[in-house]
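Scroll down for the structure; my scribbles are underneath it.
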Amino acid sequence: MSKVRRRQPSRSDAQLDESFFSRPAEIVARNLIGTILVRQLRTRQLRGRIVETEAYVGPHDLACHAAKGRTRRTEVMFGPPGRAYVYFIYGMYEMLNIVTGGEGDAQAVLVRAADPLDGWEENLSGPGRLARGFGIKLSENALDLTTSKKLFVTPDPTSRPPRIVRTPRVGVDYAKHWKDELLRFVDADSAAVSKPRPPRQST
DNA sequence: ATGTCGATTTAC
DNA sequence: TAAATCGACATC
């Protein structure tokens with residue numbers, strides 16, 4: 001019998017790859033909760049534990065930008081999974097999404113909030129603040145997060161599975177019945193979840 | 001070339 | 001409750 005080797009918590013764990021992201025957005029959004037977003041800058045590394053996501057499930061989803069068709073902005077969503085979909089909104093905020101599903105599926109997950117790690121003091125609660133905190137700009141659009149050394153996601157081998165709550169997505173009242181779909185996922189035990197804080201019931 | 005809008009945040 | 005502020009998109 002070989003000895004079971006307990007895994008050492010390692011600072012840079014395996015970068016999540018295409019097999020992780022090439023699933024439906026709803027699944028990826030759920031499984032992204034509790035993972036770690038890593039940003040490698042010139043002089044320092046920024047890390048945050050993802051605690052809130054939203055799934056945008058395809059062109060038929062009226063809240064999804066892909067519902068507007070294939071345009072310059074939405075182009076990356078129609079490409080391979082694991083790419084960053086970054087867009088600029090309200091004249092001042094970038095939003096970080098990760099493309100999911102098979103190539104051509106046009107699904108994505110919006111990363112809405114994270115708990116800063118390693119003693120980093122930053123408010124990462126809300127998609128605008130999260131992208132700003134991590135220094136993510138429009139220029140990161142289409143970056144391949146499965147191979148990039150500048151921006152990627154890793155599992156958190158030290159944490160036990162989070163308690164997850166589902167709610168409707170934020171700010172998509174225009175999307176007909178799609179506004180009511182439970183496609184927002186939050187860590188029920190995190191204080192960093194953004195504004196519309198859900199009741200503490202688990203799913 | 002011009003007009004509208006927005007997966008937000010912040011201030012009043 | 002509303003202003004801030006600008007890229008993408010639609011339209012002319």
Side-chain angles (χ1 to χ4, degrees), chain A residues 21 23-33 35 37 39 46 48 50-79 81-101 105-116 120-143 145 151 153 164-187 190-198:
Chain A
F21 295 110
R23 297 175 293 169
E26 189 171 341
I27 302 297
V28 175
R30 166 75 175 68
N31 284 285
L32 233 25
I33 302 298
T35 62
L37 181 64
R39 181 73 162 134
L46 271 23
I50 295 173
V51 298
E52 178 179 349
T53 59
E54 280 177 0
Y56 290 84
V57 301
H60 59 294
D61 172 3
L62 297 181
C64 183
H65 290 167
K68 304 291 185 200
R70 197 167 183 146
T71 66
R72 182 165 57 235
R73 187 172 71 156
T74 64
E75 182 63 29
V76 66
M77 266 201 281
F78 289 84
R83 308 297 255 268
Y85 165 43
V86 181
Y87 67 92
F88 187 69
I89 193 166
Y90 298 121
M92 53 189 102
Y93 302 111
E94 341 270 350
M95 302 273 147
L96 171 65
N97 298 252
I98 306 176
V99 176
T100 77
D105 275 357
Q107 305 181 30
V109 172
L110 172 66
V111 184
R112 291 188 56 92
D115 265 321
W120 181 26
E121 303 267 333
E122 186 75 36
N123 182 352
L124 303 175
S125 182
R129 282 188 285 255
L130 182 143
R132 187 182 60 195
F134 277 94
I136 291 162
K137 301 290 191 356
L138 263 188
S139 53
E140 269 72 43
N141 188 49
L143 188 64
L145 304 191
L151 184 65
V153 186
I164 293 176
V165 174
R166 300 179 64 151
T167 82
R169 293 170 293 185
V170 177
V172 296
D173 289 351
Y174 57 84
K176 302 285 177 65
H177 70 276
W178 283 96
K179 74 177 169 53
D180 300 317
E181 294 290 320
L182 301 178
L183 292 173
R184 175 171 176 247
F185 298 81
V186 309
D187 181 334
S190 172
V193 168
S194 77
K195 221 152 174 212
R197 187 151 299 151

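These figures come from a predicted structure and were not determined experimentally. Just so it is clear: chains get the letters A, B, ... in the order the sequence lines come, proteins before strands, and each one is counted from 1. What you see below is based on every heavy atom in this structure, not just the backbone, and it leaves out hydrogens, waters and symmetry mates.
Remark: side-chain polar atoms of A/Arg169 are paired, donor with acceptor, to backbone N or O of A/Ala55 under 3.5 angstrom.
Judged by centroid separation below 5.5 Å and plane tilt below 30°, A/Tyr87 does not stack onto the base of B/dA7. The aromatic ring of A/Tyr93 does not sit over the base of B/dT8, since the test of centres under 5.5 Å and planes under 30° is not met.
If you check every strand for non-hydrogen atoms under 4.0 Å, A/Arg169 touches nothing. Using a 4.0 Å heavy-atom cutoff across all strands shown, A/Met95 reaches sugar-phosphate atoms only and no base atom.
An OP1 or OP2 oxygen of B/dT10 is reached within less than 4.0 angstrom by a side-chain nitrogen or oxygen of A/Arg132.
Across all their heavy atoms, A/Pro168 and A/Lys179 have their closest contact at CB-O, 3.4 Å. In plain terms, the two heavy atoms of A/Arg112 and A/Ser194 that are nearest each other are NH2-OG, 3.3 Å.
Under the rule for a side-chain hydrogen bond (donor to acceptor under 3.5 Å, both in side chains), A/Glu122 has no partner lying at least two apart in sequence or in another chain. Checked against side-chain hydrogen bond (donor to acceptor under 3.5 Å, both in side chains), A/Asn97 has no partners two or more places apart in sequence or in another chain.
With C/dC9, B/dT8, B/dG6 as the choices, the nucleotide that has an atom nearest any side-chain atom of A/Arg112 turns out to be B/dT8.
The existence of a salt bridge linking A/Glu75 and A/Arg83 is excluded, since no basic side-chain nitrogen approaches an acidic carboxylate oxygen closer than 4.0 Å.
Summary of the strand contacts: A/Met92 and A/Thr71 both lie near DNA chain C, and taking for each the nucleotide with the nearest heavy atom, the more 5' one is attributed to A/Met92. Remark on DNA chain B: of its neighbouring residues A/Ala108 and A/Asn123, the 5'-side contact belongs to A/Ala108, judged by nearest-heavy-atom nucleotide. Between A/Asn97 and A/Arg129, the one whose closest nucleotide on DNA chain B sits nearer the 5' end is A/Asn97.
The strand DNA chain C forms stems, runs of 3 or more Watson-Crick or G-U wobble pairs with distances below 3.5 Å, at B:1-6 with C:6-11, B:8-11 with C:1-4.
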